[in-house]
Amino acid sequence: MAKFSRRGLLLAGGAVLLAGCGSDVVPDIPGIPDGADRCRTPESLVDFSTVGTGTLGYEIDRTPTPMRSDPAFLERLELWAEDWAALSGLGAIREVWSYGAYVDKCSSFHQAGRAFDFAEVVHDGGTISCRYDTWNPGTDAQLRDYWRLAASLHLHFTYTLTYLYNAQHHNHIHVDNSVSGEELSTFRQRSEVQVQLVQSALLHVHGRDVEVTGSYDQQTRDALRPVQQELGITAPLADAAGWQAFLRATASG
Ligand SMILES: [Zn+2]
């Protein structure tokens with residue numbers, strides 16, 4: 001009797017080979033010690049062909065394409081979509097273009113079906129592109145929209161990677177729930193990607209003169225304080241409520 005690998009079975013079941021991104025290695029993957037085998041097999045995967053009210057498509061060939069995901073991760077993606085549609089002010093989501101959800105690639109949460117790569121989100125009232133590779137350096141409006149969307153993703157996924165992370169992410173924003181699980185995110189000053197979000201939000205959404213350094217330095221704190229005051233946010237970023245309020249205010253622009 002022929003022996004089929006799980007990958008073979010998934011492909012036989014109609015899965016589409018997706019690109020995904022391979023560089024989003026979480027340094028401290030929960031439950032997986034450093035140096036251990038970083039390949040994993042998803043427990044169960046579900047097909048999905050929409051994200052919120054938007055049709056899901058593969059960015060490479062710009063064709064509507066069902067993808068696969070861990071069901072608990074998909075719930076988080078759906079919660080994000082509902083939240084973002086309301087915060088964005090752009091109306092209902094019509095299309096979501098992606099580089100992949102489940103992808104059989106080691107050292108990535110895509111292999112667990114717990115990751116998703118955003119290329120573009122099309123709403124009734126506008127389109128937000130994550131294709132920094134096509135619009136770099138970008139207009140003020142493009143950068144503002146990109147970082148508003150990034151803020152909403154940071155709210156729902158602690159591990160969110162933007163074009164600032166590395167060149168592999170110049171054409172998409174990667175999210176996974178490796179850290180945040182089934183919760184909203186919380187802020188850690190030592191998280192370079194979260195600090196980059198704060199600095200980019202201050203610069204591109206809130207109009208402050210901030211250098212994006214990736215470290216939670218004095219110029220960042222000095223720029224942040226008056227913005228928090230204007231937004232009526234009294235809790236610091238270190239508190240979940242303060243972090244989430246800042247991200248919601250940034251997402252809604
Ligand atoms: Zn990815």
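Both ligands and their constituent atoms are indexed starting at 1 by order of listing. Computed from a predicted model, the values in this text were never measured in an experiment.
Residues forming a ring-ring contact (aromatic ring centres under 6.0 Å, His included) with Y163 (at least two apart in sequence, or on another chain): Y132, Y146, W147.
The Zn ion (ligand 1) has an N, O or S atom of H110 under 2.8 Å away, backbone or side chain.
For the residue pair Q199 / T213, a side-chain donor-acceptor distance below 3.5 Å is found, with atom types taken as modelled. A donor atom on one side chain and an acceptor atom on the other are not found under 3.5 Å apart for H156 and S180.
Nearest N/O/S atom of H174 with respect to the Zn ion (ligand 1) is recorded as ND1. Looking at D117 and the Zn ion (ligand 1) together, the shortest N, O or S contact belongs to OD1.
The shortest distance between side-chain heavy atoms of W80 and F116 does not fall below 4.5 Å.
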